[in-house]
Amino acid sequence: MPADEPDERRRGFLRCMAWAGTGALFTASGGLTNSIRLDGALAATLPRQSFTFLQLSDSHIGFNKAPNADARATLREAVAKVKALSVKPDFIIHTGDVSQLSKDEEFDDADQIIREAGLPVFFVPGEHDMLDPDGGKAFRTRFGKATHGSGWYSFDHRGVHFIGLVNVADLKPGGMGNLGAEQLRWLKVDLAHRSSSTPIVVFAHIPLWTVYREWGWGTDDGGEALRLLARFGSVTVLNGHIHQIVQKVEGHIAFHTARSTAFPQPAPGTASSPGPMKVPPEKLRELLGITSASFVRGAERIALIDSTLSA
Amino acid sequence: MVRLFQFALVPALSLAATAFLLSPIPVDAHAAPAAAAPIVRIENFTFAQPVMTVKRGTTVTWVNGDDIPHTVTAKNLAFKSKVLDTGDRFSFTFAKAGQFDYFCSLHPHMAGKIVVKA
């Protein structure tokens with residue numbers, strides 16, 4: 001586990017900004033410029049406290065249909081990319097759908113492939129990881145020891161507070177993702193005594209905000225979690241589930257979804273269903289990928305860089 | 001990209017539909033001797049016959065034609081399938097009259113209803 005570290009209150013005077021690292025977003029938000037210049041100067045004085053972490057998502061080990069006959073192979077390629085990074089990430093977060101059908105051999109293979117990276121890994125389950133007869137116990141036994149309820153938890157790493165949430169358990173008819181009252185109560189307590197200047201990273205499988213209701217791409221009670229996070233100056237929400245990059249910034253909260261390592265899904269409403277996009281083999285790796293997140297002490301922002309398996 | 005997807009999907013679906021028409025549908029031994037056992041197809045993340053009315057004693061079979069697993073779960077938990085991978089089937093015999101709302105517990109926006117008449 002990453003070491004605990006107390007908050008550094010001296011950072012409170014900084015205007016906290018979360019941003020998702022694309023040129024488009026950066027230039028679209030004119031108000032960010034000054035703060036980035038300031039942050040850049042501060043970062044230069046405190047480089048030793050910067051760190052990066054990595055997001056993997058939706059590896060669907062066991063998936064073997066078009067457009068990807070071997071999801072194990074593409075996860076291996078993703079892990080090879082992680083190993084080849086010039087700056088070694090401190091750890092990996094996996095935002096769920098590790099497996100296709102929650103089978104033991106799927107979990108075992110995923111575990112073995114991801115451990116090849118040689119980094120600590122923090123998991124949250126996707127709905128595909130909840131399919132064992134005990135509704136997620138097989139996943140938690142491997143990847144969610146010492147977690148609460150259906151698998152939620154938090155930890156601190158170099159002054160950043162990380163929160164892994166589960167929004168794929170006990171889903172309600174007609175609904176979307178769901179956190180539930182017990183988890184929200186836990187989140188309230190978890191955040192209660194933290195300084196508003198603590199940078200927060202929340203990760204969960206299904207997007208916490210509504211991307212596309214018609215396909216269930218959202219979390220019914222996600223708004224309640226976001227209200228609890230509203231007072232924090234820098235919040236980054238990392239999700240998976242939709243197998244494509246969607247991002248937005250709302251106030252101090254930056255939202256970002258990662259690519260899958262297994263297969264792409266269509267943009268909201270552009271196909272008859274959210275099922276796998278049957279892209280030709282030579283296109284597949286352009287649509288699969290990993291997300292690298294860089295935290296710079298003093299900058300109070302997390303830069304997200306998505307790269308594809310073809311790059 | 002979108003065009004590509006739709007192109008590929010159409011033949012895949014018609015293939016699935018053809019396979020289905022050609023193959024007899026196995027039903028449970030205790031199924032009612034109905035002339036045609038009703039089928040609810042799961043395709044494109046929907047129950048293709050979202051509302052179905054049957055007589056009491058009828059066995060309804062769901063078949064997953066998607067590349068993604070689904071479940072068939074009654075809202076009142078009167079029945080709940082195991083996870084259905086591509087091509088998997090689930091059957092349930094409705095012994096009592098009434099209305100049975102169900103959904104996919106993985107993709108809960110997918111909903112359907114069986115109305116059982118006495």
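The sequence lines fix the lettering, A, B, ..., with proteins before strands; numbering per chain opens at 1.
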Tell me whether A:Gln112 at atom CD has more than 12 heavy atoms from other residues, nucleotides or ligands lying less than 6.0 Å away. no
A:Ala267 versus chain B, the contacting section by heavy-atom distance below 4.5 Å: neither
Residue part contacting chain B, namely of A:Lys172, when any heavy atom lies under 4.5 Å: backbone
Just so I know, are the side chains of B:Asp101 and A:Pro173 near enough to count as touching, which here means a heavy-atom distance under 4.5 Å? no
Check: B:Pro69 and A:Leu101 side chains under 4.5 Å, non-hydrogen atoms: yes
So how far is it from B:Asp66 CG to A:Lys65 NZ, rounded to the nearest 0.5 Å? 10.5 Å
Got a salt bridge between A:Asp132 and B:Lys82, using NZ or NE/NH1/NH2 to carboxylate O under 4.0 Å? no
Check whether more than 12 heavy atoms from other residues, nucleotides or ligands sit under 6.0 Å from atom NZ of A:Lys137, and answer yes or no. no
Separation between CG of B:Asp67 and CZ of A:Phe263, rounded to the nearest 0.5 Å: 8.5 Å
Nearest 0.5 Å, what's the CG-OG1 distance between A:Leu131 and B:Thr71? 8.5 Å
I need the minimum non-hydrogen distance between A:Gly175 and B:Pro108, along with the two atoms involved. O-CG, 3.3 Å
Considering all heavy atoms, the nearest B:His109-A:Glu214 contact: CD2-O, 3.3 Å
Show your reasoning for whether salt bridge (Lys or Arg N to Asp or Glu O under 4.0 Å) applies to A:Lys103 and B:Asp85. CA-CA 12 Å; A:Lys103 292 179 179 170; B:Asp85 202 359; 5.6 Å; no
Using side chain to side chain contact (heavy atoms under 4.5 Å, CB included), reason through B:Leu106 and A:Met130 one step at a time and then give a plain yes or no. CA-CA 9 Å; B:Leu106 293 180; A:Met130 308 291 275; 5.7 Å; no
Side chain / backbone / both / neither for A:Gln100 at chain B, heavy atoms under 4.5 Å: both
Part of A:Leu171 lying under 4.5 Å from any heavy atom of chain B: both
